[in-house]
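Labels below follow one simple rule: chain letters A, B, ... track the order of the sequence lines, proteins then strands, and each chain is numbered from 1. If you're wondering where the values come from, they're calculated on a predicted model, not measured in any experiment.
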Amino acid sequence: MAGIFDFAPAIALLPLFSFLIALLAGRRMPKGGALAGIAATAGSLLLSLATMLSLAGGEPYHATLYVWAQGVEAVDLTLGVLIDPLSAMMLVIVSLVAFLVHVFSLGYMNDEGETGLARYYAGLGLFTFSMLSFVMADNLLMAFMFFELVGLCSFLLIGFWFRERGPPSAAKKAFLVTRFGDYFFLIGVVAIFATFGTAQFAGSESFPHIAEQALHGEASVNTLGFEPQTWFTIVGLLVLGGVIGKSAQFPLHTWLPDAMEGPTPVSALIHAATMVAAGVYLVARMYGFYALSPTALAIIAFVGGFTALVAATMGVVKREIKQVLAYSTISQYGYMMLGLGAGGYVAATFHLMTHAFFKALLFLGAGSVIIAMHHNENMWDMGGLKERMPVTYYTFLAGSLALAGIFPFAGFWSKDEVLYETLIHGLGGSPLLLAAYAMGLLAVFFTGFYTFRMVFLTFHGEPRTDTARDPHGVRWNVKAPLVVLGTLAVVAGVVNMVPVEKLLGIGGIDFLHQWLDGSFEGLTAHHYEEVLPYGSAYLGGGETATVAIGAAVSLGLALAGALLAWRLYNVPEPVEHTDRLGGVKTLLYNNYYQDEYQVWLAESVTYPLSRAADKFDQGIVDGIVNGVSSVSLLSGSRIKRIQTGVVGTYATLLTLGLTALLVVVGLLGGWF
Amino acid sequence: MVPPQWYLLLAAAVFCIGVFGVLTRRNALIFLMSVELMLNAANINLVYFSQYWGNVTGQTFSLFTLALAAAEVAIGIGIILVLYRNFDDVDVTKAVTMRW
């Protein structure tokens with residue numbers, strides 16, 4: 001029977017068609033191929049929703065579609081589709097954000113008279129296709145292939161305005177930095193194939209399952225002589241390299257703020273649903289594998305917490321609205337990594353979802369502001385936009401409240417659950433998690449501060465420039481996506497109100513927990529909790545009190561940050577307060593000198609190393625080859641002189657040769 | 001019965017005369033004749049040993065050699081004619097254009 005799942009590949013293929021249409025015929029089409037893209041992503045969205053609905057009452061789906069390399073006594077390399085609650089949820093998020101971004105692009109790109117629109121929409125189509133295929137990938141190699149394709153598309157779109165100076169360089173940086181992480185990912189993929197002989201995510205022949213059996217001594221795997229536990233940690237960390245690059249975690253986060261050079265709708269797509277989300281999604285996808293390695297989990301959690309804090313502090317001083325959002329993205333993905341590392345699989349997935357909504361909203365809101373400000377992104381030139389663009393203001397405010405984690409907006413629920421999971425597992429005997437928790441909490445304060453600094457500087461007070469006094473209006477195609485996402489940013493939290501459930505004792509409203517339990521055996525949230533190496537403990541007063549205290553602390557800190565921003569910046573004529581920070585200000589403006597340090601690494605470590613390698617290559621490897629050829633050339637040019645052209649010489653040589661041969665044979669044969 | 005070494009010595013002497021001719025003479029026709037001498041030196045050996053062992057195979061081979069020599073002369077004369085046409089001479093030391 002042809003079920004809805006048989007159409008699952010179409011979810012990804014529709015944007016591929018729109019890519020082809022925009023690429024081949026976009027120039028001749030009205031609006032540069034935008035309508036094809038909108039139609040395709042709308043189709044993807046509808047199909048994703050239908051898939052999600054039929055999954056709600058049915059079984060998850062897994063099918064191998066195509067074997068592109070048949071292994072002879074070895075592994076088959078396949079393309080397949082895996083539709084389980086996690087991927088179905090992600091498909092909806094990605095196709096929704098992609099759809100809204102396409103619509104928004106009508107306002108941001110077409111109405112602003114950009115050229116090269118066909119190229120732009122082709123890029124968006126390919127980007128959406130890659131991410132959707134990545135999400136539904138059923139094995140790690142397929143995931144890796146589309147992971148790379150996502151990286152390529154981000155390169156193309158960040159560098160969209162390639163005639164200016166900044167974007168091409170930012171695109172190259174994004175490509176190279178993420179590629180550095182992907183290099184480890186590739187080794188990890190090979191290691192997983194070598195260890196388990198499969199890279200499937202689901203089923204009894206999947207690598208997380210085999211790994212689990214191997215740890216119990218029920219299966220034997222090739223671990224290159226390491227203890228299975230150690231080896232799984234190494235493999236997990238190799239794959240994590242790709243995650244850290246794509247999800248912009250410390251120390252590979254430096255590409256993301258520069259990626260703001262791309263068009264704003266692209267930033268929304270990159271930050272909310274594709275590219276950056278790919279890293280976190282990958283960890284969630286193979287969570288059964290990471291859950292087996294306490295060391296890898298601890299590293300994920302610590303990197304996440306650290307990134308959340310560091311990025312949040314950098315966001316505090318930025319002047320451009322998109323820069324603030326960029327650092328908030330890094331920080332929020334830090335929370336997701338923290339949640340995953342701390343054993344909060346559902347919490348992190350939840351935050352991935354809410355963040356997708358409110359960050360897409362904030363970027364599109366920022367895009368709307370940028371249209372209004374005639375492409376000036378400096379917040380110090382704005383102010384007072386509240387009255388002039390109310391739709392943008394109220395939706396942006398909803399997104400900001402969600403980002404800051406203010407009750408009852410979506411971000412509050414997810415961030416609170418991440419922190420709560422970290423806290424109880426930290427109290428259960430993992431001091432490292434408690435340290436990560438402390439950093440996460442501190443970051444909540446900074447998040448509240450920079451978010452509302454951004455809101456107040458942009459929308460409140462008196463207009464500080466003429467452009468802000470008379471902003472450019474925006475049309476329905478900008479407002480409609482904002483309204484949709486604004487609604488979601490307000491209400492998306494209801495899918496998983498765990499604190500309410502625990503405090504009030506209402507059972508069964510942790511919908512996301514139930515939803516993520518409906519997967520294949522071994523891929524459920526329930527199963528992950530069983531294999532996780534963490535114990536749980538509560539503060540004095542039990543579970544309910546811990547929930548209440550955790551929520552109160554994080555909400556309090558967020559409100560404190562917001563209040564500080566209100567005091568400092570919600571005035572008619574705000575001034576910069578960064579000078580009060582003293583030396584820290586310079587440090588923050590320069591992003592902790594991360595760029596400088598990485599450039600230094602490249603210039604004084606990698607460059608000499610590659611020069612030495614080049615010397616070796618040119619001198620020794622090529623030297624041997626060139627030596628052989630010049631020896632034959634030289635000897636040839638000498639020996640050719642016996643070809644005199646005189647027949648007598650040849651006859652003489654023949655006779656001499658024959659005589660010499662006879663003498664030698666005679667000597668050896670003992671004739672004499 | 002003539003002892004075998006006499007035949008062998010005769011054949012060797014004829015062969016050496018042929019080699020000498022090839023190495024010292026410049027006239028292409030004499031070249032050709034010298035080559036004939038070398039071939040026939042081999043024929044002497046073949047025929048003698050055939051008779052010595054009472055087996056006709058060797059004689060058959062010498063017939064083949066004769067046919068071959070005839071063919072060779074036909075080609076050789078042809079080459080010499082072309083040589084003469086191009087260089088107005090049959091001196092092999094003159095035709096040295098095919099060199100490095």
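Atom OH of Tyr183(A) sits in a sparse spot, with 12 or fewer heavy atoms from other residues, nucleotides or ligands closer than 6.0 Å. For Phe193(A), the CZ atom sits in a packed shell: over 12 heavy atoms of surrounding residues, nucleotides or ligands are nearer than 6.0 Å. Counting heavy atoms of neighbouring residues, nucleotides and ligands inside a 6.0 Å radius, atom CZ of Arg25(B) does not exceed 12 of them. Within a 6.0 Å sphere centred on OH of Tyr84(B), other residues, nucleotides and ligands contribute 12 heavy atoms or fewer.
Side chains of Thr644(A) and Val96(B) form no contact here, defined as non-hydrogen atoms less than 4.5 Å apart.
The minimum heavy-atom distance linking Ala651(A) with Val22(B) is given by the pair CB-CG1, 3.5 Å.
No other option in Val646(A), Leu654(A), Ile642(A) has as many heavy-atom pairs under 4.5 Å with chain B as Val646(A).
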